[in-house]
Amino acid sequence: MKATLDYPPVWLLGALAVALAEGPLLGPVLDVPALRGMGSGLALLAVALMALAAWEFARARSTIVPHQMPQRLITGGIFAWSRNPIYLADVLLLVGLSLRWGAVSGLLLALPLAWV
């Protein structure tokens with residue numbers, strides 16, 4: 001069970017669940033149209049980063065699953081810009097959706113997610 005909880009997507013989903021639950025409990029704390037637009041942009045950027053990274057893993061025929069031994073070191077494509085584009089995308093997605101939803105809790109959880 002512990003091994004399952006040690007995957008970054010699980011931590012991301014947990015942080016997103018907290019941010020999403022904040023809305024019905026407190027209402028959108030950051031209900032600013034410009035922030036919602038910026039949040040949508042960050043979320044789209046995050047999805048694009050994830051897609052580019054997944055494409056590079058597929059091209060290299062290597063595993064994308066954390067804690068599994070990769071078959072190759074990927075240094076091209078998006079990995080030439082960032083060593084961990086998927087983890088960067090995780091944080092951007094949390095921040096983006098938190099801004100979109102007006103959830104302060106998601107913004108507060110972004111730093112611990114980056115650390116994890």
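When Leu93, Leu88, Ile86 are each tested for a side-chain contact (heavy atoms from CB on, under 4.5 Å) with Leu49, only one passes: Leu88.
Every residue was checked against the side chain to side chain donor-acceptor pair (under 3.5 Å) condition with Ser82, not counting sequence neighbours, and none meets it. For Leu108, the side-chain contact (heavy atoms from CB on, under 4.5 Å) partners at least two apart in sequence or on another chain are Val104. Evaluation of the side-chain contact (heavy atoms from CB on, under 4.5 Å) rule for Leu25 yields no partner, not counting sequence neighbours. Residues forming a ring pair (Phe, Tyr, Trp, His ring centres under 6.0 Å) with Phe79 (at least two apart in sequence, or on another chain): Phe57.
To the nearest 0.5 Å, atom CG of residue Leu45 and atom CE of residue Met38 are 13.0 Å apart. A distance of 11.0 Å separates CG in Leu94 from CG in Leu42, rounded to the nearest 0.5 Å. How far CZ of Arg61 is from CD1 of Ile74: 12.5 Å, rounded to the nearest 0.5 Å.
Remark: Leu111 CG is loosely packed, at most 12 non-hydrogen atoms of other residues, nucleotides or ligands lying under 6.0 Å away. Within a 6.0 Å sphere centred on CZ of Arg83, other residues, nucleotides and ligands contribute more than 12 heavy atoms.
Leu73 and Met69 fall into different hydrophobic clusters, where Ile, Leu, Val, Met, Phe, Trp and Tyr residues are linked whenever their side-chain heavy atoms come under 4.5 Å apart, directly or through other members. Leu13 and Trp115 end up in different hydrophobic clusters when Ile, Leu, Val, Met, Phe, Trp and Tyr side chains are linked at under 4.5 Å. Linking ILVMFWY residues whenever their side-chain heavy atoms come closer than 4.5 Å, directly or via other members, leaves Tyr87 and Tyr7 in distinct clusters. Hydrophobic cluster membership differs between Leu44 and Val91, with clusters built from Ile, Leu, Val, Met, Phe, Trp and Tyr side chains linked at under 4.5 angstrom.
Listed by first and then second residue, the side chain to side chain donor-acceptor pair (under 3.5 Å) pairs that reach into residues 88-110 are Glu22-Ser105, Ser40-Arg100, sequence neighbours excluded. Counting only residues at least two apart or on different chains, no side chain to side chain donor-acceptor pair (under 3.5 Å) pair has a member in residues 44-55.
Closest approach of Gln68 and Thr63 over heavy atoms only: OE1-OG1, 3.0 Å. The two atoms that bring Leu99 and Leu35 nearest to each other are CB-O, 3.5 Å, heavy atoms only. Here the closest non-hydrogen pair linking Glu56 and Gly77 is OE2-CA, 3.6 Å.
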